[in-house]
Structure formats: C-alpha cells, structure tokens
Amino acid sequence: MKVTSCAVSLNVEDASASSAFLVEHFGFHEEMAADGFASLTRDDLGMNVIFLRRGLESLPADQRDEHATGLILALVVDDLEGELARLREEDVAITMPLKEEEWGERAFQVRDPNGVIVQLVDWNGPTDH
C-alpha cells in the first residue's frame, strides 16, 4: 500500500462555520469548498481536515446523520502557552484548561461552533518513569 495523503472528515451542522473557525484561529486555508463541504489544510500539516454538512446525500445512509462526536482534532504546537494566550485574546472559550499528564503531555481544548473539540498539545511536561 502506498498512501499519498491523509484527511480526517467530520460531519457537522454547519461546515462553513467550522471552516471559518479553523481559518480564523488556527491558520488553516480552504483548498476546496462547496455547499455543505470544506477541505482545509495548513502548509506545515501533512493532512486535510474536511467538514461535511450532516444529511448530505453523498454520504452513505448509515453515516449521513451522524455528528462528529467523541473525537479530538489534536494539533501539536511549539509554544503552548503562547497559543493559549493568543486564543484568549481572540475571545475563544477555553473548554478544558491547560493540563499536564504524568507521561509528559500538556494540553488544553477549545470547541468550534459545531462542538468539534480542538486540542493544542505539546510534550514538554515532566514525565514519571
């Protein structure tokens, strides 16, 4: 198998609202967009994030009305505290405060207008071995 690209596809109520959130607050840009569809990427990211409006006929019937729940769009960043401060300045609600885990992960979370969890992460915390 040769994989040439990777994407995560999320069903939401309003694809354009989720797209605008990633563009405004996380530096993504739309590669493609249509009614109920947006495909976004960043120049430094090796994958696309795709938003699909729930109910689209192009989706299989058993997926059509599902909502993107139970997953986290995690972005590993260099300056976690700086990103936290920037998002607060932009009035983005922090839905999980900065936490440090014993395995070295540090993270905080926000939610987009459709409830999709975006988690910013670094691995600079102390580890207990």
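Predicted, not measured: the structure shown is a model, and the values here were computed from it.
No path of Ile, Leu, Val, Met, Phe, Trp and Tyr side chains, each step under 4.5 Å between heavy atoms, connects Leu59 with Val12, placing them in separate hydrophobic clusters. Transitive grouping of hydrophobic side chains (ILVMFWY, heavy atoms separated by less than 4.5 Å) keeps Ile94 and Ile117 in distinct clusters. Leu10 and Leu45 fall within a single hydrophobic cluster, where Ile, Leu, Val, Met, Phe, Trp and Tyr are joined by side-chain heavy atoms under 4.5 Å apart, directly or via other members. A single hydrophobic cluster is seen to contain both Phe51 and Val92, as judged by linkage of ILVMFWY side chains at heavy-atom distances under 4.5 Å, directly or through other members. Met96 and Val118 fall into different hydrophobic clusters, defined by Ile, Leu, Val, Met, Phe, Trp and Tyr side-chain heavy atoms under 4.5 Å apart, directly or through other members.
Between Asp112 and Leu22 there is no side-chain heavy-atom pair separated by less than 4.5 Å. Counting only heavy atoms from C-beta outward, the side chains of Leu84 and Leu120 never approach each other to under 4.5 Å. Residues Asn124 and Leu80 have side chains not in contact (no heavy-atom distance under 4.5 Å, counting atoms from C-beta outward). Taking 4.5 Å as the limit, some side-chain heavy atom of Leu40 sits within range of a side-chain heavy atom of Val23. A 4.5 Å side-chain heavy-atom check between Leu71 and Leu73 finds every atom pair outside the cut-off.
What you find for Ala15 and Arg53 is that their closest heavy atoms are CB-N, 4.2 Å. Across all their heavy atoms, Val116 and Ala68 have their closest contact at CG2-CB, 4.4 Å. Shortest non-hydrogen contact noted between Glu30 and Ala38 is OE2-CB, 3.8 Å. For the residue pair Asp35 and Leu56, the shortest heavy atom distance occurs at O-CD2, 4.4 Å. Taking every heavy atom of both residues into account, Gln63 and Asn11 meet most closely at O-ND2, 3.1 Å.
Residues satisfying the side-chain contact (heavy atoms from CB on, under 4.5 Å) criterion with Thr41, sequence neighbours excluded, are His29, Glu31, Asn48. Applying the ring pair (Phe, Tyr, Trp, His ring centres under 6.0 Å) criterion to Phe21, with sequence neighbours excluded, gives His25, Phe26.
For the atom pair CZ (Arg111) and CD1 (Ile72), the distance works out to 9.0 Å, reported to the nearest 0.5 Å. From Ile50, atom CD1 reaches atom OG of Ser18 across 13.0 Å, with rounding to the nearest 0.5 Å. Between the CD atom in Glu101 and the CH2 atom in Trp123 there is a gap of 9.0 Å [rounded to 0.5 Å]. For the atom pair Glu100 CD and Arg106 CZ, the distance stands at 5.5 Å (nearest 0.5 Å).
Few gaps surround CG on Asp62; more than 12 heavy atoms of other groups in view lie less than 6.0 Å from it.
Look at Glu83 and Arg86 and you find a salt bridge, because one of the NZ, NE, NH1 or NH2 atoms lies within 4.0 Å of a carboxylate O, short of that distance.
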